[in-house]
Amino acid sequence: MLPKTYLIYFSPTRTTRKIVEQVAAGLDSQSIEHHDLTRMEQEFTLRLDDGVAVIGVPVYAGRVPEIFLKRIEKLSGEGIPAVLIALYGNRAYEDALVELRDVIIAKGFNVVAAGAFIGEHSYSTDGRPIAANRPDTEDLKYAIVFGVAIANKLQGDCNLATLDIPGNIPYKERVPLGGICPETMPELCTLCKTCARICPAFIITVDQEVTTKAENCVMCCACVKFCPYHARVMRHPMVEARRDMLIKNCSERKEPSCFL
Ligand SMILES: Cc1cc2nc3c(=O)[nH]c(=O)nc-3n(C[C@H](O)[C@H](O)[C@H](O)COP(=O)(O)O)c2cc1C
């Protein structure tokens, strides 16, 4: 049995987290330590020299979110095995998994397995669903089985720094974020501050009204999905156009892919 699994993830709408947890369940180690980097109040420093790490991120425009890269600046692996998870919204994961592999190898981990899973798209709404309610039961089962397969592999030789993962180098150009953010519908808002408490970018303040600093928004839509009063909406014309495209071209169910 593996001694310890470290779960390291950024997951504003919690789909990445669900898969990371299921993979860890399949690994079946003696203990699990969570490092949720979604909302970091303090600097994150972690140097791991035993156990296995499961590291998960959502795919943003085919890449690893920049905010995650900043948060793991002081993470180091000292040769321990790492399992990588990229969670995408049923469009494509493009270069995100290759980028994550390269970053995590550069931090000293031994990347032994990687998986691309599907989660409800950040821009999905009840009326305009995109991969709604994923990961579902099938996805979660798949993630556990993947974890079991990794545990078996770790019994043998696991020096696989050259794991063959689809994606391009150089990675696709980053699409700059910022300037677009969800809005609040004052007639529904009770100023409960849920949005301010969960925003991973710390850009929402609630006083007599809700203020959002659009230039630093990562567009994760956590404030939209977790507002208890449905008072936050993402209806910027650029996002509406993106929703149209996703519904038109990416409605067919995709399945997880795993590499080990
Ligand atoms: C800014 C942004 C860019 C995104 N880009 C992609 C993408 O390139 N491909 C894709 O399939 N999904 C994309 N998504 C959807 C997320 O990858 C997906 O919703 C994921 O499940 C969110 O993870 P979380 O629940 O852990 O926050 C994007 C979402 C956001 C907010």
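We count ligands from 1, going down the list as the structure has it; atoms in each ligand are counted the same way. All figures in this text were calculated on a predicted structure; none of them were measured in a lab. The figures that follow rest on heavy atoms only: side chains count, while hydrogens, waters and symmetry mates do not.
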K.L.:
Taking NZ, NE, NH1 and NH2 as the nitrogens, is one of them in Lys4 or Asp50 under 4.0 Å from a carboxylate oxygen of the other?
P.N.:
no
K.L.:
Return the residue, atom name and 0.1 Å-rounded distance of the protein heavy atom closest to atom 8 (O) of ligand 1.
P.N.:
Arg91 NH2, 2.8 Å
K.L.:
In terms of side-chain geometry, is the basic nitrogen of Arg91 or Glu94 positioned less than 4.0 Å from the acidic oxygen of its partner?
P.N.:
yes
K.L.:
Kindly give the heavy-atom pair with the smallest separation between Ile8 and Ala53, and that separation in Å.
P.N.:
CD1-CB, 4.4 Å
K.L.:
Given Thr15, Val20, Asn90, which has its nearest heavy atom closest to atom 21 (O) of ligand 1?
P.N.:
Thr15
K.L.:
Is Lys213 reaching over with its side chain to a backbone N or O of Ile203, donor-acceptor style, under 3.5 angstrom?
P.N.:
no
K.L.:
Would you please classify the geometry between the Phe68 ring and the Phe10 ring as parallel, tilted or perpendicular, with 30° and 60° separating the classes?
P.N.:
tilted
K.L.:
So, regarding Ala92 and ligand 1 (criterion: nitrogen or oxygen to nitrogen or oxygen, under 3.5 Å), is there a contact or not?
P.N.:
yes
K.L.:
Does an N or O anywhere in Pro58 fall below 3.5 Å from an N or O of ligand 1?
P.N.:
no
K.L.:
Is it true that a side-chain atom of Arg232 and a backbone atom of Cys223 form a donor plus acceptor pair closer than 3.5 Å?
P.N.:
no
K.L.:
Specify the protein heavy atom at minimum distance from atom 2 (C) of ligand 1: its residue, its atom name, and the distance to 0.1 Å.
P.N.:
Tyr60 CD1, 3.6 Å
K.L.:
Just distances here: any N/O of Thr16 and N/O of ligand 1 closer than 3.5 Å?
P.N.:
yes
K.L.:
Please indicate whether any nitrogen or oxygen in His121 is less than 3.5 Å from any nitrogen or oxygen in ligand 1.
P.N.:
yes
K.L.:
Are any side-chain N or O atoms of Ser29 and backbone N or O atoms of Ser31, one a donor and one an acceptor, separated by less than 3.5 Å?
P.N.:
yes
K.L.:
Between Glu240 and Arg243, is there a salt bridge with N-O shorter than 4.0 Å?
P.N.:
yes
K.L.:
Taking distance alone, with no angle check, do Thr13 and ligand 1 share an N/O pair under 3.5 Å?
P.N.:
yes
K.L.:
Any N or O of Glu120 that comes nearer than 3.5 Å to an N or O of ligand 1?
P.N.:
yes
K.L.:
Hey, is ligand 1 close enough to Phe10 that some N/O pair sits below 3.5 Å?
P.N.:
no
K.L.:
Applying a 4.0 Å heavy-atom criterion (strictly less than), which segment of Leu177 is in contact with ligand 1: side chain, backbone, both, or neither?
P.N.:
side chain
K.L.:
Flag Val59 as yes when one of its N or O atoms lies below 3.5 Å from any N or O atom of ligand 1, and as no otherwise.
P.N.:
yes
K.L.:
Please check if the side chain of Arg101 supplies one atom and the backbone of Leu163 the other of a donor-acceptor pair under 3.5 Å.
P.N.:
yes
K.L.:
Can a donor-acceptor pair be found, under 3.5 Å and without considering hydrogens, that links the side chain of Arg174 to the backbone of Arg63?
P.N.:
no
K.L.:
Val218 to ligand 1: N or O pair under 3.5 Å?
P.N.:
no
K.L.:
Counting only heavy atoms, which portion of Arg17 has something under 4.0 Å from ligand 1: side chain, backbone, both, or neither?
P.N.:
neither
K.L.:
Residue-level breakdown please: for Tyr93 versus ligand 1, do any non-hydrogen atoms fall below 4.0 Å on the side chain, on the backbone, on both, or on neither?
P.N.:
neither
K.L.:
Please report which non-hydrogen protein atom sits nearest to atom 5 (N) of ligand 1, along with the residue it belongs to and the distance in Å to one decimal place.
P.N.:
Ala61 N, 2.7 Å
K.L.:
Have a look at ligand 1 and work out which part of Pro12, if any, has a heavy atom under 4.0 Å from it: side chain, backbone, both or neither.
P.N.:
both
K.L.:
Against ligand 1, does Tyr123 come closer than 4.0 Å with any heavy atom?
P.N.:
yes
K.L.:
Counting distance only, does the side-chain N/O of Lys225 pair as donor-acceptor with the main-chain N or O of Arg14 below 3.5 Å?
P.N.:
no
K.L.:
Looking only at protein heavy atoms, which one is nearest to atom 12 (N) of ligand 1, and how far off is it?
P.N.:
Gly89 N, 3.0 Å
K.L.:
For atom 29 (C) of ligand 1, what is the nearest protein heavy atom, given as residue, atom name and distance?
P.N.:
Ser122 OG, 3.2 Å
K.L.:
Test your reading of the model: is there a side-chain donor-acceptor pair from Asp49 to the backbone of Glu78, 3.5 Å cut-off?
P.N.:
no
K.L.:
Could you tell me which atoms of ligand 1, counted from 1 in the order shown, lie closer than 4.0 angstrom to a heavy atom of Arg14?
P.N.:
24 (P), 25 (O), 26 (O)
K.L.:
Judged by atom type as modelled, is there a donor-acceptor pair below 3.5 Å linking the side chain of Lys153 to the main-chain atoms of Val112?
P.N.:
yes
K.L.:
Evaluate Met219 for polar contact with ligand 1, using N/O atom pairs at a separation under 3.5 Å.
P.N.:
no
